[in-house]
Amino acid sequence: MEKAMLIVAWSPSGSLTAFFDADVFRSILSIFITYAFLNLLQATLDIILSWHCWKSLKFTQILRYLLKFAVAGAWAVVLPIGYSSSVQNPTGLLKFFSSWARDWRNQSFYNYAVALYLLPNILAAVLFFLPPLRRHIERSNWRIVTLFMCRKDNSGKPEATYILPLVAPTKIIMEMPISNYQWHEFFPHVTHNIGVVIAIWAPIVLIRTLGMLRSRFESVPSAFSNRLMPSGNEDAKEKGQLVDEALERKNIANFSQVWNGFINSMRLEDLISNRDKDLLFVPYSSEDVTVVQWPPFLLASKIPIALDMAKDFTGKADDDLFRKIKSDDYMYSAVIECYETLRDIITGLLEEEEDKMIVNHICKEVDSSIQQRKFLTTFRMSGLPFLSERLEKFLKLLQAEGENVDNSMRQIINVLQDIMEIITQDVMINGHAILEQAHYTDGANVKKEQRFQKLKIDLRHNTSRREKAWIEKVVRLHLLLTVKESAINVPQNLEARRRITFFANSLFMNMPRAPKVRNMLSFSVLTPYYKEDVLYSDEELTKENEDGISILFYLKKIYPVRGMMYYREALDLQCFLETAGDGAVFEDYQTSALSENDEQAHPASDDRAQALADLKFTYVVSCQVYGAQKISNESREKSCYNNILKLMLTYPSLRIAYIDTTEEQVKGKPKKTYYSVLVKGGDKWDEEIYRIKLPGPPTDIGEGKPENQNHAIIFTRGEALQTIDMNQDNYFEEAFKMRNVLEEFLKNRRGHRKPTILGLREHIFTGSVSSLAWFMSNQETSFVTIGQRILANPLRVRFHYGHPDIFDRIFHITRGGISKASKVINLSEDIFAGYNSTMRGGFITHHEYIQVGKGRDVGMNQISLFEAKVSNGNGEQTLSRDVYRLGRRFDFYRMLSFYFTTVGFYFSSMVTVLTVYVFLYGRMYMVMSGLENEILENPAIHENKAFEEALATQSVFQLGLLLVLPMIMEIGLEKGFRSALGDLIIMQLQLASVFFTFQLGTKAHYYGRTILHGGSKYRATGRGFVVFHAKFSENYRLYSHSHFVKGLELLILLIVYGVYGQSYRSSNLYFFITLSMWFLVASWLFAPFIFNPSSFDWQKTVDDWTDWKRWMGNRGGIGIAPDKSWESWWNEEQEHLKHTVIRGRIIEIILALRFLIYQYGVVYHLDIAHHSKSLLVYGLSWIVMVTVLLVLKMVSMGRRRFGTDFQLMFRILKALLFLGFMSVMTVLFVVCGLTISDLFAAILAFLPTGWALLVIGQACRPMFKGLGFWESIMELGRAYDYIMGLVIFMPIAILSWFPFVSEFQTRLLFNQAFSRGLQISMILAGRKDNTEESRKERPDKPSASQVHTRN
């Protein structure tokens, strides 16, 4: 396709109408010859790359490879011969093939040949529109079918942008005669300036809120009953019964149990305050109130507004006032509830019957006046505000916890008497009659006594169920009278608001109806665990790091406590709602569960509910080293064991699976035997349940994490299995939807296929730690929401991208399990589970109505290690059979979707980086050869801007903006596009483009290295307390080869291009093009330090320099860690070259030859060369290079041999070398015409050459070791690392002199945390808050909200 477009663009007209020109159309027909040669190349590569596997292949498979090669070779001969016969005046190769054709000189022959050649493609297209027939043929076991079903033509759409504008200037360049070269040109007589054309064209070829909840909350209970409760209401409808008020009350009571459990969980997690909790609570019992009792945050300000409305009402008709109040449903509910609750509170507080009689008379008067529509004539509205003030004080006194009971009693009595006096004297017109009636008994007047003096003040401290309900009424009524906040401001915590909003919105999403607990699918949760921290002890919580910050402080500010055992709590509550009677539903579930009377009344019901929950849910944590930790004497290992045991004793549903190693005597010799063991918590210790003998150590056979899952999967139970990682989270309200999502397994999808993997939405909860965490949170959120949503439907290429997906357990344990664990190739074991499920006929879906929390890496080094691991994994996927088989089995469109959403993304990242290299090396070739000057002198080229316009487009890719677009779309869908635009601006101000451009280099390096050499390995990112300063040596070790080397190479390219180039100097786009290149270089060289806390703090800079010098000077050896010695690190960095094949070594050497171009180009531009173009100039430069290397070798040998025992000899040697150097330089300056600029140019020339020799030496390590030159190669590598370290460290040291730089960096990194109240300045500067209040905050024992568990 690309060739056809080029032919059309190259035609005289350059438009699509040229397609109908006979000559142009004849040229277009040559694309089939190109296609034939590409197929021949593919068949050849298939044989070469699979040569080592031929021993294990069947004869028919080998025959298929050979036939494919033979057929491709035949077409590569036949099509050129046929095409040559259609050309009237053939030349060159066409004339040669035309002489073969002889009598075939018939134009129709080529047409027939093309039609026959395309016949398999036409057949494939027909089968594409007949999927059942295609699947039947592909699954056929007929030998003839399996033999010939070997063609899979993969086509793609090439990049055609900016092809046409480049055609005209390219034609001019090809016709230009160029003879004035500025270096020694090896091919001066090559026509059409092919080198310039390649340099120009190569880069082109490569290249919702809580405000909504307020209006919707009234329908939330009914939506909850329809979605999350079994279908009892529908049965009632089918019998013709109306859903009356009693049923609505029961729905609200059921909803209140879950809602209040949700709110309680957020309070335990310290996301909301006690006041927020009271505002969000829904009362359990509504029997005493005739209206629905909504949460106080919905009724906020309703009572004050109603009071003002009544006070200012000027009419006399009750209907007008009541109509205004009833127009707002929440206000009407608040008024009725306030009246009835106040009546119950006062009545419950009074002891004497006469006092109660007065209250009853007042209430009867109110009720009768409303019925008779005489309310405004019976009561004065002007007294209501004063009554409200006294009521507020009365309710506040009832809630007060004072030590002086008598004084409190007097105050309450006085205020209550004031209230009754206001009601009877100021509000009621005939209120005095009620008081007189209370003093008249049996027709006789009695002595008047002051009323309302005897109260049940002990009600406030009674813990019985009835008295607790009375206290709750007092608290709620006080909130109704006093709270002025709107619903949008409650709760204050953003995370709590997000969870409430998502839960409420999810009730209106399309989800299956919840079955009863006894009918739901049973499920297990499986978590692989290695040696992560489980619980923090008191000592670990309060221990301070080098900056004076404890883990307790860090956790209180950032991480709450949650866990997978919410599933069990949710099941217990669901069982309670289904088995409890009508009376129990209107009570607090926790209170009911702990009541002694309830236990006596319903012991069998509770036991059945517990047993049912145990049958439906099991949590298995695969702690592979639990057995070793149990017998270990190391304090940390013992602590991990005790913490895991504590969790088992706390949660009876928790099971621990581990690998146990024992020694047994076999034929008189000790032999290690391995068992997979399952234990549970007993009375005080763990109790073994099962023990299964294993054939060997599983974690040594395959990758650690997948094998850790595989050995424990046998202990899981039920029809479904959810995989949860150690960095994942759970929420109580989401656990309540688990039985809904499990029903998805029973729904038929395409072709009566049921899902085998259910994908769940994830929420990244670590986004508030730093700007980096925010970037990663947004990027990850876009992938796990809008990304996976599109992958599942309509693309149908969603796989398993890690936990928390839910597997059809029966389907997968009978088809290879959920984790492929082969060493290296299955490094990313998660996605291979999705591949396996799809290839075995499974169906993968994605569901947005349920979410699971996830903690992402928040430090620069953590993120880079994670990206490196994923890039390595994608490289191995590219080499795997699974990707090959899926590509063959998918239809054309699904295949393209599969490619671009998996390995294609990383391949495109690598090509993007390669495009930059190709562009700059092409520019350098044109500059150093002198072709650029010759071309720019041509007026036609000088006026043409096509080159600039075409090449400027790649700068957009280099800025990393494309990675931001998906997250902006997701933020726009979730929060609105105004918020998305604001976030985009803030991210750019916080240098998000620098971060994403840096990660582009990470992906390209590790993916490319895996493709070239293989040998990927698991990289532990480490999680936990990560807000700390990483030393310069640590950053250098991590990024030297992946970013610093490549960044400095591009830096030298830009310097050479800027010094010797004349291109685009008169163009407006010159600055934009070079700016993007410099931006890329700056990002790769300095991003690790920009995003490293305290990188520009002077004291830490000095410490980093000292540490780096020590690390560079330390000698390596056996057992020396890479972080202790440069030599150990340097050897570890070449680990991939030790295991690569000869093909990888050869390609590595070929790629290293590009560094020799610098020397060849620069030496001809030196003043000392005197414009000579002789090859002798280049030869003399090599003599200089060899001399420099020999001098360095002499100094190195002298240091080792004479540096200690013969210091005088060593100093004499250095003096002689210095004198010789000065003599040579003097001669060169005086006699040969050497200049200062030549010295700097020589650095640009010889540094890349030395690096080329170093890379070649590393690739040929066995040979150089045999020749005895390996020590020299190592010293050369040390010298280059010294130089690179100095170049990178100098700008950091200079900026560290200015204190404001460090402060600006801190604000830049932790802007989000500042806005959330996180005291990052304290964390980074090491300042301690020694105030008494701070010391009081540190408890003797951590509370539940301070202990961070990862389960």
Side-chain angles (χ1 to χ4, degrees), residues 265 268-270 523-541 551-552 555 559-572 610 613-614 616-632 634-660 676-690 708-709 711-712 715-717 721-732 735 803-804 852-853 855 1023-1024 1341-1351:
S265 70
L268 293 175
E269 295 162 12
D270 208 22
F523 72 102
S524 297
V525 176
L526 177 62
T527 298
Y529 164 85
Y530 184 54
K531 289 185 177 181
E532 294 90 342
D533 292 320
V534 180
L535 295 172
Y536 287 122
S537 63
D538 294 356
E539 181 182 357
E540 291 171 325
L541 284 170
I551 295 178
L552 176 60
L555 296 180
Y559 291 111
V561 181
R562 295 180 277 260
M564 291 300 128
M565 297 312 295
Y566 278 144
Y567 283 131
R568 177 53 192 261
E569 292 185 27
L571 281 174
D572 289 341
Q610 293 287 330
D614 288 334
K616 295 299 180 180
F617 169 70
T618 303
Y619 186 24
V620 178
V621 180
S622 183
C623 309
Q624 65 186 60
V625 295
Y626 176 77
Q629 291 173 338
K630 187 175 182 179
I631 61 176
S632 175
E634 188 180 343
S635 59
R636 188 183 184 282
E637 299 289 321
K638 205 68 178 178
S639 175
C640 288
Y641 160 72
N642 291 328
N643 291 334
I644 295 172
L645 177 61
K646 181 179 179 180
L647 289 176
M648 280 195 291
L649 298 178
T650 305
Y651 301 104
S653 298
L654 178 61
R655 301 289 184 266
I656 301 297
Y658 68 95
I659 300 172
D660 191 23
S676 186
V677 183
L678 183 71
V679 296
K680 67 176 181 178
D683 294 333
K684 292 184 179 180
W685 308 102
D686 52 19
E687 297 180 359
E688 186 173 309
I689 306 174
Y690 299 112
N708 194 18
Q709 293 182 144
H711 93 91
F715 299 127
T716 59
R717 297 181 300 162
L721 174 64
Q722 184 180 29
T723 51
I724 291 292
D725 211 344
M726 287 294 290
N727 65 328
Q728 291 195 283
D729 192 2
N730 199 14
Y731 311 114
F732 174 82
H803 312 328
V852 177
R1023 301 184 178 105
K1341 293 184 180 180
S1343 64
S1345 64
Q1346 296 166 340
V1347 179
H1348 177 52
T1349 64
R1350 300 175 185 267
N1351 294 328

Within-4.5 Å side-chain heavy-atom neighbours: Q722 and L526 = no
To the nearest 0.5 Å, tell me how far L645 CG sits from T650 OG1.
-> 9.0 Å
Do the side chain of E637 and the main chain of E634 share a donor and acceptor less than 3.5 angstrom apart?
-> no
Is the Y567-Y619 ring centre distance short of 6.0 angstrom?
-> no
To the nearest 0.5 Å, how far apart are CZ in F617 and CG in D572?
-> 10.5 Å
Looking at side-chain heavy atoms only, is the closest gap between K616 and F523 below 4.5 Å?
-> no
Between CG of N708 and SG of C623, what distance do you get to the nearest 0.5 Å?
-> 8.0 Å
Point-to-point distance, once rounded to the nearest 0.5 Å, from CG of L721 to CD of Q709 = 8.5 Å
Minimal non-hydrogen separation, S265 against F732, with atom names | OG-CB, 3.7 Å
Any side-chain heavy-atom pair of Q624 and Y530 under 4.5 Å | yes
Check the pair V621 / M564 against side chain to side chain contact (heavy atoms under 4.5 Å, CB included), numbers first and verdict last.
-> CA-CA 11 Å; V621 180; M564 291 300 128; over 6 Å; no
Is a side-chain N or O of N730 found less than 3.5 angstrom from the main chain of Y566, in a donor-acceptor match?
-> no
For R717 and T618, what are the C-alpha separation, side-chain angles and deciding distance, and is it a side-chain hydrogen bond (donor to acceptor under 3.5 Å, both in side chains)?
-> CA-CA 7 Å; R717 297 181 300 162; T618 303; 2.5 Å; yes
D686 side, atom CG; D683 side, atom CG - distance, nearest 0.5 Å | 12.0 Å
May I ask you to decide if V852's main-chain N or O and Q728's side chain share a donor-acceptor pair within less than 3.5 Å?
-> no
Side-chain (D660) to main-chain (G627) donor-acceptor, under 3.5 angstrom | no
Is S676 close to Y690 at the side-chain level, that is, under 4.5 Å between some pair of heavy atoms?
-> no
Is any side-chain heavy atom of I631 closer than 4.5 Å to a side-chain heavy atom of Y641?
-> no
Heavy-atom closest pair, residues S653 and D614 | OG-OD1, 3.7 Å
Heavy-atom distance under 4.5 Å between the side chains of F715 and I689, does that happen here?
-> no
Find out whether L654 and K680 are in side-chain contact, i.e. whether some heavy atom of one side chain is under 4.5 Å from a heavy atom of the other.
-> no
Can any side-chain N or O of S639 pair as donor or acceptor with the backbone N or O of S635 at less than 3.5 Å?
-> no
List the atom of H711, the atom of A657, and the distance in Å for their closest heavy-atom pair.
-> CE1-C, 4.0 Å
Does I724 offer a backbone N or O that forms a donor-acceptor pair with the side chain of T527 under 3.5 Å?
-> yes
Do V679 and R655 come close enough that some side-chain heavy atom pair is under 4.5 Å?
-> no
How close do R568 and A613 get, heavy atom to heavy atom, and via which atoms?
-> NE-CB, 3.5 Å
Sequence neighbours excluded, which residues qualify as salt bridge (Lys or Arg N to Asp or Glu O under 4.0 Å) partners of E687?
-> none
Just wondering, are more than 12 heavy atoms of other shown residues or ligands nearer than 6.0 Å to NZ in K646?
-> no
